[in-house]
Asks: 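One structure coming up, written as structure tokens, with questions to follow.
Atoms considered below: every heavy atom in the structure, side chains included; atoms not considered: hydrogens, waters and symmetry mates. In listed order, ligands and their atoms are each counted from 1.
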Amino acid sequence: MLKVPEHQVAGHIAKDGKLGPLVDDQGRFFKPLQGDARGENEAKFYESFSTNKNVPDHIHKYFPVYHGTQLVEASNGSGKLPHLVLEDVVSCYSNPSVMDVKIGSRTWYPDVSEEYFKKCIKKDRATTTVTLGFRVSGFKVFDHQESRFWRAEKKVVLSYKVNGARLALRKFVSSNSPSDDDDSPPNCAFASEVYGGSDGILAQLLELKAWFETQTFYHFNSCSILMVYENESILMKGGGDDEKKKKPVRAQVKLVDFAHVLDGNGVIDHNFLGGLCSFIKFIKDILQS
Ligand SMILES: Nc1ncnc2c1ncn2[C@@H]1O[C@H](COP(=O)(O)OP(=O)(O)OP(=O)(O)O)[C@@H](O)[C@H]1O
Ligand SMILES: O=P(O)(O)O[C@@H]1[C@H](O)[C@H](O)[C@@H](OP(=O)(O)O)[C@H](OP(=O)(O)O)[C@H]1O
């Protein structure tokens with residue numbers, strides 16, 4: 001039985017009769033192929049990437065596993081539609097905190113229509129895409145004090161300027177109750193466990209950066225970094241039984257949304273690489289502060 005994903009933080013959402021992704025209980029994420037070139041392009045990317053032997057295994061792990069396409073009953077009631085069948089990257093968590101960050105200082109790319117260019121540049125200028133080389137697209141944090149999720153409001157997220165983006169990255173790893181109009185500064189209680197450490201978010205981003213410094217196969221236009229972790233496992237550390245103490249934090253970085261990936265044609269993806277470097281600097285600053 002397919003259902004609407006509980007932990008989706010951005011993009012097209014399957015509600016109010018709209019077309020959006022679905023998940024099953026086997027850890028698979030079904031993303032409908034958008035009826036235009038975007039769906040076809042994303043499927044083409046996954047076919048190419050999943051069989052590309054030039055991409056090292058330690059890089060493949062930053063992408064959802066691809067299980068082909070399948071006709072399934074669409075969320076908008078329009079009958080069976082082709083869907084990408086992907087690994088549901090949050091299915092192994094019980095209460096995941098999730099953030100989607102769109103990377104790049106532009107989301108448009110050469111040869112798009114005038115209409116698409118205008119739509120993109122408007123949003124790129126209104127958000128931190130142009131100024132920072134990335135923008136937060138959405139996030140949710142598991143609030144332990146209240147034992148429930150807190151979700152950032154989409155219109156607030158899309159209005160972030162530099163300080164808003166910095167604050168969001170701090171809230172994402174804080175244990176004091178988050179809110180959009182909270183005066184108390186985020187305490188960054190989970191920063192060192194989630195962003196830091198030998199297998200934390202920063203280490204993973206640096207591994208990705210090293211690949212982006214040389215890879216010229218693909219240009220990842222308008223693609224997002226998804227960060228996921230479980231704060232429950234951090235809070236349980238140091239107390240409780242041994243099993244709980246051993247539960248790993250499992251902070252993960254995954255790349256998602258490949259509807260606008262182009263062939264790299266032997267050229268470095270400097271739009272993604274530049275955005276990634278800028279994003280890394282923000283994460284480093286939080287760790288150092
Ligand atoms: N493989 C996955 N596993 C779990 N969640 C995912 C996966 N892929 C995407 N998501 C969730 O869905 C959201 C939207 O994903 P994606 O960007 O691929 O969709 P989209 O509708 O093409 O978005 P946009 O409108 O920004 O182009 C992500 O922010 C994330 O929360
Ligand atoms: O950031 P938001 O507010 O969620 O807005 C969406 C986001 O900009 C997507 O990147 C875009 O899809 P493309 O990048 O594929 O164009 C989508 O366009 P759409 O609504 O025309 O699908 C927007 O709705």
Asks: Do the side-chain N and O atoms of R135 and T107 include a donor-acceptor pair separated by under 3.5 angstrom?
Replies: no
Asks: Just which atoms of ligand 1 are under 4.0 Å from any heavy atom in P64?
Replies: 1 (N)
Asks: Atom CD1 in I103, atom CZ in F272: separation rounded to 0.5 Å?
Replies: 5.0 Å
Asks: Atom 9 (C) of ligand 1: which of F29, F30, F258 has the nearest heavy atom?
Replies: F29
Asks: Side chain or backbone of L226 under 4.0 Å from ligand 1, or both, or neither, by non-hydrogen atoms?
Replies: side chain
Asks: Any chance you could lay out the side chain to side chain donor-acceptor pair (under 3.5 Å) test for Y109 and H260, step after step, and finish with the verdict?
Replies: CA-CA 9 Å; Y109 43 96; H260 302 280; 2.8 Å; yes
Asks: Does D88 have a heavy atom less than 4.0 Å from any atom of ligand 1?
Replies: yes
Asks: Of the listed options (H7, K31, K102), which comes nearest to atom 16 (P) of ligand 1 when hydrogens are ignored and any heavy atom counts?
Replies: K31
Asks: Which label fits F220 and F63: parallel for a plane angle under 30°, tilted from 30 to 60°, or perpendicular past 60°?
Replies: tilted
Asks: Heavy-atom distance to atom 25 (O) of ligand 1: which of Q8, H12, E42, R38 wins?
Replies: H12
Asks: If you count the atoms of ligand 1 from 1 in the order shown, which ones are under 4.0 Å from a heavy atom of D100?
Replies: 28 (C), 29 (O)
Asks: Out of curiosity, H12 NE2 to D257 CG, how far, rounded to the nearest 0.5 Å?
Replies: 9.0 Å
Asks: For atom 2 (C) of ligand 1, which candidate among E87, K254, M99, R28 provides the closest heavy atom?
Replies: E87
Asks: Going by distance only, is there an N or O of V98 that falls short of 3.5 Å from an N or O of ligand 1?
Replies: no
Asks: Are a donor atom and an acceptor atom from the side chains of S222 and K102 found within less than 3.5 Å of each other?
Replies: yes
Asks: Would you call the rings of F258 and Y46 parallel, tilted or perpendicular, where under 30° means parallel and over 60° means perpendicular?
Replies: perpendicular
Asks: Should the pair Y218 and F45 be assigned to parallel (<30°), tilted (30 to 60°) or perpendicular (>60°) ring geometry?
Replies: perpendicular
Asks: Tell me which part of V89 gets within contact of ligand 1: side chain, backbone, both or neither, using heavy atoms under 4.0 Å.
Replies: both
Asks: Kindly identify the option in S224, P5, G11 whose heavy atom sits closest to atom 23 (O) of ligand 1.
Replies: G11
